[in-house]
Amino acid sequence: MKKMMIGDRIVKSFGEGHEKRNVLGGVSIEINEGEFVAVMGPSGSGKSTLMFALSGTDSIDSGKVVVDGKDLSAIGENELSDLRRTTMGFVFQQPTMLSNLNILDNIILPAMRDNRRNVAKISEKARSLMQRVGIAELEKRDITQVSGGQLQRAGICRALMNSPRIIFGDEPTGALNSQSAQEIMDILSEINADGTAVMLVTHDAKVAARTERIMFMRDGTIVSELKLPKYEGMDMDGRIEVVTEKMREIGI
Amino acid sequence: MYYRIIRNDMLKSKVITLATIIFVSAAAMLVSLAAILVVNLSGALDMLMTQAKTPHFMQMHSGEVNTARLASFAEQNRNVDEFQVVEFLNIDGAKIILGDRSLTNSVQDNGFSIQNEKFDFLLDLDGNIIHVSDGELYVPISYMQDHTAKIGDKAFVSGKEFTVAGFLRDSQMNSALASSKRFLLSTHDYAEIKNLGSTEYLIEFRLKDMSALGTFETAYASAGLEANGPTITYPLLKMINALSDGIMIAVILLVSVLIVAIAWMCIRFTLLAKIEEDYREIGVMKAIGLRVSDMKHIYLAKYAAIAAVGSVIGYALSLMFKGMLLENIRLYMGDSEHSSLASLFGLIGILLIFLAMMTYVNGVLRRFRTLSAAEAIRSGTSSETSAGTKRFRLSGNRWFNTNVFLGIKDVLSRKKLYATMLVVLVISSFIMIVPQNLYNTISSKGFIQYMGIGTYDMRMDVQQTDHISAKTSEIVNSMKNDSAISKYVVLTTKTFKVKTENGSEENIKIELGDHSVFPIYYSKGRAPAAETEIALSALNAEELGKKVGERISLATEGTEKTLTVSGIYSDITNGGKTAKAIFADNTADMMWSVICAELSDQSLVDQKASEYKNRFAFAKVSDIDEFVAQTFGTTISSVKKASFASIVVALVITLLITLLFMKLLIAKDRYSIAVMKALGFTNSDIRTQYISRSVFVLIIGIVLGTLLANTLGELLAGAVISSFGASTFTFAIHPLSAYLLIPFMMIGSVLIATIIGLTGAGQIKISESMKG
């Protein structure tokens with residue numbers, strides 16, 4: 001399988017002098033095209049930092065990140081932004097919407113950056129995405145007028161607008177009730193089934209159990225890896241069991 | 001505990017605290033300066049007029065004087081304290097040479113006098129009465145100011161040599177607006193040159209009771225005494241003396257009002273931003289049972305500290321700068337007796353500002369009371385309404401670049417926030433445009449229309465000479481044959497008696513001739529068009545209690561003439577009391593005549609003026625620019641200085657406020673910036689968004705500021721101008737500077753400030769701002 005993202009001995013520290021603390025202590029990771037992966041670990045294990053490093057939203061101290069054959073440390077700030085906009089999509093724990101735009105405008109925002117002349121086409125695509133995640137009727141609402149689950153779906157629509165090759169999700173279900181969480185995971189699985197790679201950062205075994213490969217982190221390093229068969233909508237309890245067993249085994 | 005909270009808070013927002021202190025200081029300084037100047041000006045003026053014993057009533061007269069008759073009038077009038085007739089020897093400017101320059105080009109009537117014995121003293125620069133020795137000449141102080149003469153210079157008057165021994169303060173003729181200037185020499189020297197010029201007389205009175213001045217004026221007029229010349233009274237002298245510095249004070253006051261407004265905005269903005277920032281904490285404090293007044297105290301203490309520091313700095317600065325601004329007053333009038341009182345008034349002014357600020361902060365903090373603790377904790381932000389922006393959708397946007405759209409959208413959806421910046425920009429463009437327009441207006445040729453002078457190129461005054469009418473026609477004849485002169489008119493001034501309401505008679509000077517050739521500006525009505533019409537100067541109309549359409553009756557050689565008032569105009573010439581009519585009259589004596597001319601080729605003005613000067617030595621020839629420059633020169637140049645200063649001030653304010661605003665905005669918008677960046681917007685995209693915001697606000701600001709400047713500004717400037725004697729006026733706008741240069745400079749400074757302010761945005765890390 002083709003590798004779309006390679007992280008090689010990534011080191012990242014925060015603070016200075018005595019307070020200096022390595023958050024990533026030489027992490028190496030590879031993600032293939034269309035793969036569905038999860039990074040698990042307790043708070044402070046460095047899983048979010050790893051995600052920010054891989055997506056080029058944060059600089060690293062040493063090591064390198066290669067996306068699509070491009071070394072991120074060798075390209076400029078603007079190219080990084082371009083890469084993020086065209087190849088990556090983000091879904092965060094808190095819905096990160098701009099408060100003065102309505103739902104539809106928030107969704108089309110990243111697409112309008114480059115292609116505003118096609119506003120009709122863009123809006124059409126946004127509407128079909130909204131249809132797909134079940135929020136078609138909300139397009140004119142303000143972001144304060146919808147629920148957390150609906151907002152998260154809108155966030156996924158936004159992440160999909162530029163047809164990215166990978167979607168990063170940082171605890172995408174963390175702020176949702178279990179019903180909504182499950183629906184969001186269904187949507188993400190579907191997206192993955194269409195060929196988009198998905199990388200989730202989570203401490204929730206139920207979320208991780210949906211993926212094909214889980215990397216476990218502790219104190220800034222990947223301590224273990226677990227492979228699962230592709231989820232086909234069956235035996236969820238069994239998969240969760242395997243994940244929690246593994247977690248117990250390595251003590252996280 | 002308050003101290004610690006306040007200190008931490010200020011350290012956290014150094015730039016903003018500093019900026020607020022700067023504006024409060026500037027406001028305090030200006031208010032204090034204005035107060036100090038007002039007290040000093042009035043004090044110094046009183047002092048000068050007391051030391052010099054300025055006459056309460058003065059009648060200028062050219063022609064014979066019957067001193068005995070005047071003396072007996074003075075004796076019989078119970079209100080007269082002292083009386084004297086002063087000689088004023090008029091000598092043509094060409095015959096007066098100071099150092100190596102002659103006064104040929106002076107529009108002033110330069111004359112020579114000896115020191116008076118009873119009152120109306122000419123003072124030296126220490127305020128002492130000057131005693132002149134033979135061979136010495138004391139020169140009016142305005143010639144020291146414009147560097148025409150210095151002490152020790154040789155001076156020649158009609159060939160007789162003098163030494164400039166010093167400069168003099170003249171409580172009557174100090175001001176450039178007074179059209180005569182007195183030189184002082186010894187009695188012996190005066191007798192020697194007496195025959196070289198024409199003598200005018202100043203008939204002067206000091207009264208026992210100043211409040212009965214009006215009655216005295218009437219008594220003098222109805223006694224039929226010498227009155228061939230302007231009449232000037234104490235209040236008019238006082239006004240003329242105060243005018244130049246008065247305008248400066250008015251400008252300072254105007255600017256200080258605006259700076260106070262900006263300091264206000266600053267406080268409002270930081271306070272609102274702070275409250276929003278602390279919204280959740282305020283809610284929590286309220287929820288755990290802290291009283292509203294406890295929280296208010298913390299905020300109030302902070303702003304009290306800022307306002308106090310600003311006031312102290314402002315006061316200190318005003319004490320430092322007052323010397324500079326008092327220079328002119330000191331030079332022309334000397335020191336004031338109330339200088340310590342002045343500083344006290346400055347302090348009171350500052351105290352008022354301080355109190356007003358505290359009241360304001362207290363008022364803003366009142367919203368604590370209505371803040372719902374539950375909502376504050378739940379949402380963390382006060383919900384800003386964004387009514388009216390719903391239609392402005394990205395999905396409906398075809399015209400704007402997405403970044404520009406986002407910038408404009410943000411402004412529209414947070415109107416309250418941007419209103420602060422808008423107001424500052426409106427004020428800034430206002431204080432740039434108004435003084436600039438004022439300067440353009442008073443320096444434009446058309447402005448003299450407001451002053452009762454038509455827009456001609458050259459004027460020739462024939463006065464203080466015999467056979468005025470013959471000499472005038474001599475000039476007219478040569479103008480008739482001069483192809484360079486496209487049109488001209490002769491205006492002859494004569495004195496008539498006018499019946500007042502109460503039946504007594506007063507002198508009125510009427511300028512007769514065709515007033516349609518070089519029209520002046522009439523604040524009400526129009527120029528006299530028929531023989532039965534008359535136009536009055538604003539001062540005369542007020543004094544006679546006449547409005548347009550009413551009638552007045554003139555006494556001419558036994559017959560009575562009834563005239564209808566056709567218009568009222570502003571005038572500063574001849575003490576402001578003039579009238580214009582077109583009827584023919586052969587009875588009354590001619591006081592003087594003026595021939596006004598327009599040239600077909602305006603570039604020839606200098607040449608023509610000197611040509612006529614040489615041909616008609618008896619007339620005073622001046623081209624109009626020179627006339628204006630010498631009459632309003634100092635005023636125009638100080639308004640020019642003020643207008644440049646206000647441009648600089650406004651640009652600095654724009655720069656500072658925009659910078660401050662951007663810093664606050666970025667601190668507030670960290671989160672949305674991080675979201676944008678995560679979505680793949682570049683730093684330059686974000687810069688474009690913020691620049692669109694400030695440019696959008698700026699454009700509205702400039703439009704509003706310009707509109708305001710042309711309406712309210714015109715009214716305000718009109719108020720300043722009306723102190724000259726003009727009652728209505730419109731701006732002469734220089735379109736290039738008002739509509740291009742000033743907006744361009746503002747856009748420049750806003751862009752610079754925005755870009756500098758945005759440097760912080762580039763450093764916002766997505767990873768740090770998105771957590772939690």
Quiz item: Applying a criterion of heavy atom separation less than 4.5 Å, what residues of residues 683-690 of chain B form contacts with chain A?
Solution: B/Asn683, B/Asp685
Exercise. Over all heavy atoms of both residues, which pair between A/Ser81 and B/Phe681 is shortest? Give the atoms and the distance, please.
Key: OG-O, 3.6 Å
Quiz item: Between A/Leu101, A/Leu109, A/Asn162, A/Leu104, which shows the greatest number of heavy-atom pairs under 4.5 Å with chain B?
Solution: A/Leu109
Practice problem: Grab the two heavy atoms, one from A/Arg84 and one from B/Lys677, that are nearest each other, plus how far apart they are. | Solution: NE-O, 3.0 Å
Quiz item: Taking non-hydrogen atoms and a cut-off under 4.5 angstrom, which of residues 60-80 of chain A neighbour chain B?
Solution: A/Glu77, A/Asn78
Check: residues 746-759 of chain B side-chain donor-acceptor pairs under 3.5 Å, at least two apart:
| unit_1 | atom_1 | unit_2 | atom_2 | d |
| --- | --- | --- | --- | --- |
| B/Ser749 | OG | B/Met745 | O | 3.3 |
| B/Ser749 | OG | B/Met746 | O | 3.1 |
| B/Thr754 | OG1 | B/Ser694 | OG | 3.0 |
| B/Thr754 | OG1 | B/Val750 | O | 2.6 |
| B/Thr759 | OG1 | B/Ile756 | O | 2.7 |

Quiz prompt | Spacing of CZ belonging to A/Arg113 relative to CG belonging to B/Asn401, to within rounding of 0.5 Å | solution = 8.0 Å
Exercise. Determine the option with the most heavy-atom pairs under 4.5 angstrom with chain B, choosing from A/Asp105, A/Asp82, A/Asp170.
Key: A/Asp105
Exercise. Take B/Asp410 and A/Leu98 through the test side chain to side chain contact (heavy atoms under 4.5 Å, CB included) and record every step on the way to the result.
Key: CA-CA 10 Å; B/Asp410 190 72; A/Leu98 300 187; over 6 Å; no
Exercise. Heavy-atom distances under 4.5 Å only: say whether A/Ile107 touches chain B with side chain, backbone, both or neither.
Key: neither
Practice problem: Report the C-alpha distance between A/Met97 and B/Val675 in whole Å, list the side-chain angles of each, state the deciding distance to 0.1 Å, and finish with yes or no for side chain to side chain contact (heavy atoms under 4.5 Å, CB included). | Solution: CA-CA 7 Å; A/Met97 297 278 169; B/Val675 172; over 6 Å; no
Self-check item: B/Leu406 side, atom CG; A/Met112 side, atom CE - distance, nearest 0.5 Å
Solution: 9.0 Å
Self-check item: Heavy-atom contact with chain B under 4.5 Å, split by part of A/Thr57
Solution: both
Exercise. Applying salt bridge (charged side-chain N to carboxylate O under 4.0 Å, His left out), name anything that partners A/Glu139, two or more places apart in sequence or on another chain.
Key: A/Arg127
